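Read the structure below first, then the notes.
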Amino acid sequence: MTNKDLADLIFPNITKTIADYELEYPERDLPENAKVTRFSPSPTGFMHIGHFMPALIDYILAKQSKGVFYLRNEDTDKSREVDGAVIYIRNVLDYYDLNPDEYEYLDTSETKGNYGPYIQSERKEIYQTFIKHLLIEGKAYPCFLTQEEMDSIRKSQARDKRRIGIYGRYAKYRNLKVEEAMQRIKNGEKYTIRLKSTGNFNHKFKFNDLVNGEMEFPENDIDIPIMKSSSGLPTYHFAHLVDDYLMRTTHVVRGQEWVSSIPIHYELFKTFGFKMPKYIHIPLILKKDGEKVRKISKRYDPEAKMSYYEEKGYPKYAVIEAVMTIINSNYEAWREGHPNASFTEFPFSPKKMSSSGALFDLDKLDNISKNYISHLTKEEVYNDVLKWSEKYDLEFYDILKQNKEEGLAIFNIEREQKKPRKDFACYQDVKKQTWYMFDELFDKFDKKYEFQNIKDKEEIKNILTTYFDKYYDENDTKDTWFDKIKDLTDKLGYCSNMKEYKQNPDKYKGNVTDITTVIRVAITSKSQTPDLYEILKILKKDRIQKRIKKFIY
Ligand code: GLU
């Protein structure tokens, strides 16, 4: 009995060879130095920022080099799979225009690219071909350790402070006679297939990671499982080897947590004589929590989920920009010099990534976003808010749809000027900050009138009636309007000249801002709003009068 007999017993239906697959997946015909990158999430839940950051890098690397960015669904762990996860991931990529060049979507049966299937569970035969090859060469073996045996090995290793894993004397089945292995399999014993590691833990090798530079690791000597017994599917490590080799990936962008697996990957690629791709191990994403800085949590921090940004209506530009600033610290300086360039033109450098962690700051996102929205045209804001609200706030959607002219006018307040007003960080803010301009909302909400210095109802009534009966004219220009306000201020015993007021505050009932505040609050209920003249202009006489009347009586 030979290794070949054992391999045939385990994989009777595998008849192809590695060489067959190498022909099927030839070197890609791409320009020199073109990069082939992949985004390869496991469909185990929602898409989070720890996925988004590598996906952005993958996308940039491929676009800049006229390479290929493909999506691979790493669904080898069927027990952890979440329904719809892939659809969601695709939607996020779509939303941010990070569309992969090659992909496969089961729900729509869409597929593109010659290096598929792009779904790992559909590649079983390919992995098994590679595993069969190792079995024939005596570089892998079936291992019959039971779960209980492995648990007890682990426990004793932990107790004796030894390295955890199946290596050396713990690798009980590594030298089992072929006959015995075959007999056990025929008897129906359960097994996994393990790599027969040839590494020596006391030997070190050098490895170049594009972020961390040259690193040194001890060789792997653990007989890692390469095929799971339950599904016949490979482990992550083995699928990484086979897929990134056959799909001709040049750059693997993945989380820091994989750095510790490099010895395993190094040995796997060496065993087959394949060239390793280049690796960009991205830093952990951190957040400030009070005084502390900690890892962003998928479970507890809503902003870790990409859905957070869509639900709040952050423009995709702002989200991409905010993430780019934590990818490379020189991004902001580059952006200042290239205000209109696409982020894909940024000369990303893995060396400029922080290896200790990337601090993601929501305030920074808000600033980027406010700045961005402030430079949109009123039409762009209107259309963006309409699109967002159609999905997330139907009431506001209906109002905007029916009041387009007014919406445009409202979004234009303090917009077309050198330093536009920056008050919307996301589209959800728009309703929060403009609701009082729409009668449907103004009439509906329970208002808390934020009167400031002047609180006396009679005085407020006097200011309002005098203003509207004697001074208000909807055709006034801004200058005339303000002259009239000053006039009114003085007439009522307040001071229209701030300098004078500051010198002799006791001589007056108050100053001009007290008067404008009363008018502002009576009309909007709020003490802080954009330009009052603009607001009056948009609301117009009838509506203003109605609001005043309602307020006074
Ligand atoms: N499926 C792996 C994960 O989601 C991908 C890691 C990689 O990019 O290789 O963590």
Side-chain angles (χ1 to χ4, degrees), residues 35-62 67-82 84-90 92-93 98 100 102-104 115-124 127 207 209-212 224-226 228 231 233-269 274-285 295-299 304-306 327 350 353 358:
K35 298 183 172 76
V36 179
T37 59
R38 82 299 195 271
F39 176 44
S40 48
S42 305
T44 50
F46 52 81
M47 178 147 166
H48 56 86
I49 190 159
H51 286 130
F52 190 69
M53 186 158 141
L56 261 183
I57 299 174
D58 284 323
Y59 186 79
I60 291 174
L61 291 176
V68 173
F69 165 55
Y70 70 87
L71 175 68
R72 186 169 71 217
N73 177 354
E74 303 215 326
D75 64 340
T76 56
D77 194 348
K78 287 293 175 194
S79 62
R80 290 178 58 220
E81 192 161 335
V82 169
V86 179
I87 300 177
Y88 182 64
I89 285 162
R90 178 209 343 188
V92 173
L93 293 180
L98 303 176
E102 298 175 6
Y103 52 81
E104 182 175 344
Y115 287 78
Y118 296 89
I119 300 175
Q120 287 188 329
S121 59
E122 294 182 7
R123 300 171 63 80
K124 200 166 173 171
Y127 305 122
F207 173 86
D209 174 280
L210 295 190
V211 176
N212 302 301
I224 52 136
I226 53 179
K228 302 173 202 173
S231 57
L233 282 167
T235 53
Y236 165 77
H237 306 301
F238 202 76
H240 160 47
L241 163 90
V242 174
D243 290 348
D244 286 318
Y245 172 62
L246 287 182
M247 294 173 161
R248 308 289 172 178
T249 308
T250 63
H251 288 68
V252 168
V253 184
R254 62 182 182 188
Q256 275 287 325
E257 66 274 20
W258 296 110
V259 170
S260 58
S261 302
I262 287 172
I264 294 173
H265 301 159
Y266 182 81
E267 180 171 22
L268 283 173
F269 277 86
F274 299 156
K275 186 170 167 237
M276 285 183 101
K278 294 200 162 57
Y279 291 85
I280 294 175
H281 286 105
I282 63 160
L284 287 178
I285 302 182
K295 192 178 154 200
I296 204 161
S297 155
K298 289 185 255 178
R299 195 160 333 148
K305 293 188 192 179
M306 292 315 290
I327 286 180
M353 293 196 97

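All ligand and atom numbering here is 1-based and tracks the order in the structure. All of these numbers come straight from a predicted model, not from anything done at the bench.
Across E122 and P117, no two heavy atoms sit closer than the pair OE1-CB, 3.4 Å.
F69 has its ring centre less than 6.0 Å from the ring centre of Y59. A ring-centre distance under 6.0 Å is found for Y236 and W258.
Donor-acceptor pairing under 3.5 Å is lacking for the side chains of N73 and E104.
Looking at R38 next to ligand 1, an N or O pair under 3.5 Å apart turns up. Every N/O-N/O distance between H51 and ligand 1 stays at or above 3.5 Å. Note: no N/O pair closer than 3.5 Å links R254 and ligand 1 by distance alone.
Proximity of a side-chain donor or acceptor of D75 to a complementary backbone N or O of S121 within less than 3.5 Å is detected.
At least one heavy atom of Y236 sits under 4.0 Å from some atom of ligand 1.
When the heavy-atom distances from atom 2 (C) of ligand 1 to E74, Q120, E257 are ranked, the shortest goes to E74.
Remark: minimum distance from atom 5 (C) of ligand 1 to any protein heavy atom is reached at S40 O, 3.2 Å.
Within ligand 1, counting atoms from 1 as listed, the ones closer than 4.0 Å to a heavy atom of S42 are 1 (N), 2 (C), 3 (C), 4 (O).
Here T235 pairs with P225, K228, H237, F238 under the side chain to side chain contact (heavy atoms under 4.5 Å, CB included) rule; sequence neighbours left out.
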